[in-house]
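Worksheet for the structure shown next.
Every chain is numbered from 1 and lettered A, B, ... according to where its sequence line falls, protein lines coming before strand lines.
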There are 4 protein chains.
Amino acid sequence: MADTGGIAQDQLRSIVARIERLEEEKTVLATDIKEVYAEAKGNGFDIKILRKIVRLRKQEQAERLEEEEITDLYMHALGMLTTPE
Amino acid sequence: MADTGGIAQDQLRSIVARIERLEEEKTVLATDIKEVYAEAKGNGFDIKILRKIVRLRKQEQAERLEEEEITDLYMHALGMLTTPE
Amino acid sequence: MADTGGIAQDQLRSIVARIERLEEEKTVLATDIKEVYAEAKGNGFDIKILRKIVRLRKQEQAERLEEEEITDLYMHALGMLTTPE
Amino acid sequence: MADTGGIAQDQLRSIVARIERLEEEKTVLATDIKEVYAEAKGNGFDIKILRKIVRLRKQEQAERLEEEEITDLYMHALGMLTTPE
DNA sequence: ACACAAAGTTCGCGTC
DNA sequence: GACGCGAACTTTGTGT
């Protein structure tokens, strides 16, 4: 990495390129999502409610995962498991 | 949409499913990006600096686009271009 | 606000002072919370689990509020209420 | 703590209650701070700049404390002070 | 103004 | 007991 004239620069370029590529794809998806909402609105759905439904479903899933986690945590605390794999 | 017993529900399901699918993909990309940063860190790069580089490049690109836009605008104003189709 | 030599400066001082005062109090509370965790650890409790319990309880409360909200939203959407007050 | 049927549960309840109480107060303060910013904005101040001012002042204070600490350290090392407190 | 997403900072733990 | 790592919390910026 101290070799600033050599391999490090190539590595840096590669890293930046990969990140930019991924971020670009992410932006595309964000756009797609917006379009779905817009289309739904065109079909008479209320975007605000749609967003809330999506959010609620995400929360419910998160809650489920969280509960599993805490169960695992307790089981470990009680010595019922040795290590998380 | 008032037809709550029929097609609207199917539509709603479809919309929510599409959004959730896209958001999931977006999450995957966010994870991938984090992994690239983590890998870079493992190779001795400073994540904070990497983020700054990426941010700067995005800004520069935005500025370049901005300039192109303004240039186009002027050229149109001067009658040097016809309207873009 | 353009009157930089006069009232605006006093206002600015007052604003900054109020914020700093509040942040100081906030920091004190954060310290207190840490101390409770530390004390609990001294009594054989697992900090990680404690944090998770607290988080979970907060989520559950948030979920309850969220559901009420969405209920209201639907009722409005169905024309059962006129305006949110 | 292994006495899950007895005192530990009371202790746990007490711990969680204390934390939740403190966090609630902390939330109130956070809200108050936001309100001060909002009010300032209403009086024509730029929130972003205000935040920067507050941040800078905090840094400066931290630096001052740091210097005092180092000074104390040196003075101790030179035997110019006895141990504090 | 509110909620979401991203970034930065801090904290707790395992290791040496 | 100090240091680094990984995770959690906080804060900042953005979009609706």
Side-chain angles (χ1 to χ4, degrees), chain A residues 19 22-23 26-27 29-31 33-38 40-41 46-59 62 66 69-70 73 76-77 83-84, chain B residues 19 22-23 26-35 37-39 41-42 44 46-56 58-59 62, chain C residues 19 22-23 26-27 29-31 33-42 45-56 58-59 62 65-66 69-70 73 84, chain D residues 19 22-23 26-27 29-31 33-35 37-39 41-42 46-55 58-59 62:
Chain A
I19 290 167
L22 291 166
E23 292 206 334
K26 197 148 77 74
T27 302
L29 285 173
T31 307
I33 291 169
K34 263 198 236 172
E35 283 170 3
V36 175
Y37 278 115
K41 186 179 179 180
D46 181 330
I47 291 185
K48 201 171 167 187
I49 291 180
L50 286 177
R51 284 191 187 281
K52 199 155 282 244
I53 290 170
V54 170
R55 205 189 317 145
L56 201 58
R57 285 171 55 95
K58 191 151 80 177
Q59 273 186 16
E66 188 88 10
E69 253 181 85
I70 203 172
L73 215 53
H76 278 97
T83 49
Chain B
I19 290 167
L22 291 167
E23 292 207 334
K26 197 149 79 76
T27 302
V28 171
L29 285 174
T31 307
D32 290 350
I33 291 170
K34 266 199 216 167
E35 280 171 4
Y37 278 116
E39 185 194 321
K41 183 182 179 180
D46 182 326
I47 291 183
K48 206 169 166 182
I49 292 176
L50 286 177
R51 284 190 189 281
K52 188 160 286 189
I53 291 170
V54 171
R55 212 185 313 141
L56 279 173
K58 192 149 82 180
Q59 271 183 19
Chain C
I19 290 167
L22 292 166
E23 292 207 333
K26 196 150 78 77
T27 302
L29 285 173
T31 307
I33 291 169
K34 257 201 258 175
E35 282 171 3
V36 175
Y37 279 115
E39 184 194 324
K41 185 182 179 178
F45 290 94
D46 182 328
I47 291 183
K48 202 171 167 185
I49 291 181
L50 287 177
R51 283 190 187 282
K52 201 157 280 250
I53 290 170
V54 171
R55 207 187 320 142
L56 202 58
K58 194 150 77 179
Q59 273 186 16
L65 292 172
E66 189 85 11
E69 254 181 85
I70 204 174
L73 215 53
Chain D
I19 291 168
L22 292 166
E23 292 206 335
K26 196 149 80 76
T27 302
L29 286 173
T31 307
I33 291 169
K34 264 198 217 169
E35 283 171 2
Y37 278 115
E39 184 194 323
K41 186 180 179 179
D46 181 328
I47 291 184
K48 206 169 167 181
I49 292 176
L50 286 177
R51 285 189 189 282
K52 189 160 285 189
I53 291 171
V54 171
R55 212 185 312 141
K58 191 150 80 178
Q59 271 183 19

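Every side chain to side chain contact (heavy atoms under 4.5 Å, CB included) that C/Ile47 has, sequence neighbours left out, goes to C/Tyr37, C/Lys41, C/Arg51. Residues meeting the side chain to side chain contact (heavy atoms under 4.5 Å, CB included) test with B/Glu23, sequence neighbours left out: A/Ile33, A/Val54, A/Lys58, B/Ile19.
Rounded to an integer number of Å, the gap from A/Glu66 CD to F/dC9 C1' is 13 Å. Taking atom CD of residue B/Glu23 and atom P of nucleotide E/dA3, one finds them 17 Å apart after rounding to whole Å. Separating the CD1 atom of D/Ile19 from the P atom of F/dC9 is a distance of 11 Å, rounded to the nearest angstrom. Between the P atom of F/dG6 and the CD atom of B/Glu39 lies a distance of 14 Å, rounded to the nearest Å. Between the CD1 atom of A/Ile49 and the C1' atom of F/dT16 there is a distance of 16 Å, rounded to whole Å.
At the phosphate of E/dA5, OP1 or OP2 sits under 4.0 Å from a side-chain N or O atom of A/Lys58. For F/dT10, the OP1/OP2 oxygens have a side-chain nitrogen or oxygen of D/Lys26 closer than 4.0 Å.
Counting heavy-atom neighbours within 6.0 Å of C/Lys52 NZ, excluding the residue itself, gives a total above 12. Counted within 6.0 Å of CZ on C/Arg55, heavy atoms from surrounding residues, nucleotides or ligands total more than 12; the atom is thus considered enclosed.
Annotation for C/Leu56 and A/Glu66: closest pair CD1-CG, 3.2 Å, computed over non-hydrogen atoms.
Of the two residues near DNA chain F, C/Lys52 and D/Ala30, the one whose nearest nucleotide lies more 5' is C/Lys52.
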Listed pairs, N/O of protein and of nucleotides 11-13 of chain E, under 3.5 Å:
from   : atom 1 : to      : atom 2 : distance (Å)
E/dC11 : OP1    : C/Lys34 : NZ     : 2.3
E/dG12 : OP1    : C/Arg51 : NH2    : 3.2
E/dC13 : OP2    : C/Lys41 : NZ     : 2.9

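For the atom pair C/Thr27 OG1 and C/Leu22 CG, the distance stands at 10.5 Å (nearest 0.5 Å).
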